[in-house]
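None of these values were measured; they are calculated from a predicted model. Just so you know, these numbers use all the heavy atoms, side chains as well, and skip hydrogens, waters and symmetry mates. Position 1 is the first residue of the sequence, and the numbers go up from there.
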Amino acid sequence: GSRWELALLDAALRASIRQGGRARPRSQAVLYTSAISECRKERRWGTAVELLRQMFVGQLGVDVVAVNATISACGRGAQWPTAIGLLSWMRVACLAPDVISFNSTISSCEKSGRWELAVGIFAGMPGQAAAPDAITYSALIRACERGHQWHRAVLCMSEMQHRRVAGDVVTYSAAISSCGKASRWGEALDYWREMRQDRVRPNIVAYSAALSACEKGQQWAQAMRLLDDMQNDRAKHDVISYSAAISACEKGRQWAQAISLLQRMECDAVAPNVITYNATISACEKGWHWPIALRLFGSMRAGSLAPDLVSFNATIGACAQARSVGPALDLFAALASEGLRPDRVTYNVVLDAASDAPVGQEIFQQALHEGIFPGLVASGACLLDTHDLSPGAARWAVRWWLDEVMPGALGRLPEGSTPPPPFQVIVGRQRSRKAWSSSGESVHAAVVSVLSELGVGWEGGSNEGRLRLLA
């Protein structure tokens, strides 16, 4: 049987040994506590609680150690309400919770994503004879990280330093990760430097957290330095660390560095995954190197990796830059064979590629049928809203609006009725519009171009984000 079953059997056998016809309560208490500890290791929280109950009912001398082991078992079983209940019960039972009691309960809340409860339990520690240690702060900061409470994680780090509690690699890793997830890459890297100054040796978790922060902050050069530091610290590179560094290069538009890292992975015998390839393909897309993006896409399939929708979107977007209609349409058609359904990004990038090709009209109609662009005339037929459209998609939207929507709107007006309001196109203020990497032009320029092509006059008007059509 498993270890906890053997421990219970051992407890039962040894408890049967009598002295003067009676079992020794203290010996039984030790055996029960050992059995509870085994239940904790095997995640048998229910059995642990039952054993503690038997200890209490049998008056075997329940102590802090036994309760702590039970709280820890509940934590590992994601039973935070029971863990908190046991902590409260300790006071009723006249047992003074120690730092392990609080640490186990806070950790239980952290594992269940209950950061508010973890903070509340921590706040009750000063009134007890239990001073928080590095384990306390690590659990609390991890709880804040999981709850996306980076500012609270920073406050915890400040309090820890004020109390002169030395942080360890777990504490720093949690703080770096918390700030990184909130895109506070500056604070994350400050904690990284502080960790190195405190001579705390980083592990793979700390490195991955720092690399992720670099990705969020587009700090590709710092990410490259971290990879070199990993080698010096003899921390083994893995696919997570490489993928984060490549993503940092992608966001920093450093396609050559991304390719270099992918090649370096091969030398280190680290197999790239779909996320790695997606980041590298996206870097090539942003660097206007569509042939390399296509080759990488082919390498995924050759390596038995199934491309996902992000892979297709990035590669189609790379083709769109060169107006390479054929490869873009081939990829778009291949989505169905992969069991993937195109989304708004897919239609935007493929329409960028086919912005002037006749097939673009058919694809745009397909997008309308799929409900991809629901807000085009949500405010009425007289107003075309091109928000969330790429330049190529905006071109086809204007053609559709002029050919199909406007004639119907004008034809429905009764004879002699008040003229409709002016027809307008919302193109958005360029500083607030989404930057489409697959096209060098703006939505504004694309709309003006198609209006000029069709001989439709327009004026800017008082709202710089709108174009008003002239009769």
Side-chain angles (χ1 to χ4, degrees), residues 71-72 75 80 83-84 87 97-219 222-223 225-226 229-230 233 235 244 248:
I71 291 174
S72 182
W80 60 269
I84 293 176
L87 183 68
D98 60 11
V99 67
I100 298 175
S101 313
F102 282 99
N103 290 353
S104 298
T105 311
I106 292 172
S107 181
S108 175
C109 295
E110 173 260 317
K111 288 181 173 65
S112 300
R114 301 283 177 168
W115 67 268
E116 308 100 319
L117 294 174
V119 170
I121 293 166
F122 175 79
M125 289 187 73
Q128 307 290 325
D133 58 11
I135 297 175
T136 316
Y137 285 107
S138 295
L140 186 61
I141 293 170
R142 285 199 307 269
C144 294
E145 174 201 353
R146 295 191 63 172
H148 306 287
Q149 301 291 316
W150 71 270
H151 57 290
R152 291 184 182 274
V154 169
L155 289 174
C156 288
M157 287 293 290
S158 298
E159 181 177 332
M160 184 183 74
Q161 292 162 347
H162 177 73
R163 288 176 176 265
R164 298 186 182 280
V165 176
D168 57 14
V169 66
V170 178
T171 314
Y172 278 111
S173 297
I176 292 168
S177 180
S178 182
C179 293
K181 287 179 179 178
S183 297
R184 308 292 300 191
W185 61 270
E187 288 90 339
L189 293 181
D190 284 344
Y191 284 130
W192 174 265
R193 286 186 282 269
E194 187 178 303
M195 179 177 65
R196 300 310 301 250
Q197 291 169 3
D198 289 348
R199 299 182 182 277
V200 176
R201 185 172 182 175
N203 57 15
I204 187 63
V205 176
Y207 270 110
S208 296
L211 284 165
S212 180
C214 291
E215 173 195 351
K216 296 286 194 305
Q218 303 180 19
Q219 300 298 304
Q222 178 65 36
R225 285 193 290 271
L226 284 172
D229 289 344
M230 286 183 73
D233 284 337

Original post:
Rounded to the nearest 0.5 Å, how far apart are SG of Cys109 and CD of Glu116?
Top reply: 9.5 Å
Subject >> Sequence-distant partners of Asp233, salt bridge (Lys or Arg N to Asp or Glu O under 4.0 Å), two or more places apart >> reply: Arg196
Original post:
Of Glu145, Arg146, Arg142, which is the lone residue that meets side chain to side chain donor-acceptor pair (under 3.5 Å) with Ser177?
Top reply: Glu145
Original post:
How long is the span from the SG atom in Cys179 to the NE2 atom in His151, to the nearest 0.5 Å?
Top reply: 11.0 Å
Original post:
Does some side-chain heavy atom of Glu215 sit less than 4.5 Å from a side-chain heavy atom of Leu211?
Top reply: no
**OP:** Compare every heavy atom of Cys214 with every heavy atom of Gln222, then report the nearest pair and how far apart it is.
**Re:** CG-SG, 3.5 Å
Original post:
Can you name the closest pair of heavy atoms from Lys216 and Ser183 and give their distance?
Top reply: CD-OG, 4.0 Å
Original post:
Do the non-hydrogen side-chain atoms of Phe102 and Pro132 ever get within less than 4.5 Å of each other?
Top reply: no
Subject >> Check: Ser104 side chain, Ile100 main-chain N or O, donor-acceptor pair, under 3.5 Å >> reply: yes
Original post:
Short question: side chain of Thr105, backbone of Ser101 - any donor-acceptor pair under 3.5 Å?
Top reply: yes
Original post:
Mind checking whether Thr171 and Met157 have side chains closer than 4.5 Å, heavy atoms only?
Top reply: yes
Original post:
What heavy-atom pair brings Gly75 and Lys111 nearest, and what distance separates the two atoms?
Top reply: O-CD, 3.6 Å
Original post:
CG of Leu155 to CG of Leu140: how many Å apart, nearest 0.5 Å?
Top reply: 10.0 Å
Original post:
What's the shortest heavy-atom distance between Ala210 and Leu189, and which atoms?
Top reply: O-CD2, 4.3 Å
**OP:** Look at the side chain of Asp198 and the backbone N and O of Val200, then say whether any donor-acceptor pair between them is shorter than 3.5 Å.
**Re:** no
Subject >> Heavy-atom closest contact (Ala175 atom, Ile141 atom, distance) >> reply: N-CG2, 3.6 Å
Original post:
Do the side chain of Ser178 and the main chain of Ala174 share a donor and acceptor less than 3.5 angstrom apart?
Top reply: no
Subject >> Inter-residue atom distance Ile176.CD1 - Arg184.CZ, 0.5 Å rounding >> reply: 15.5 Å
Original post:
Hey, mind stepping through Val169 and Val205 against side chain to side chain contact (heavy atoms under 4.5 Å, CB included) and telling me if it holds?
Top reply: CA-CA 9 Å; Val169 66; Val205 176; over 6 Å; no
**OP:** Answer yes or no: are there more than 12 heavy-atom neighbours, outside His148 itself, under 6.0 Å from its atom NE2?
**Re:** no
Subject >> Atom pair CG/OH of Asn103 and Tyr137 - distance to nearest 0.5 Å >> reply: 11.0 Å
Original post:
Under 6.0 Å from the CD1 atom of Ile135, do we count more than 12 heavy atoms belonging to anything else shown?
Top reply: no
Original post:
Can you find a pair of side-chain heavy atoms, one from Ile204 and one from Met230, that are under 4.5 Å apart?
Top reply: yes
Subject >> Asp168 versus Ala134, closest heavy-atom pair with distance >> reply: OD2-CB, 4.3 Å
**OP:** Would you give the length of the straight line joining atom CG of Leu117 to atom CD1 of Ile84, rounded to the nearest 0.5 angstrom?
**Re:** 4.5 Å
Original post:
What residue pairs, at least two apart or across chains, pass ring-ring contact (aromatic ring centres under 6.0 Å, His included) with a residue in residues 166-199?
Top reply: Trp192-Tyr207
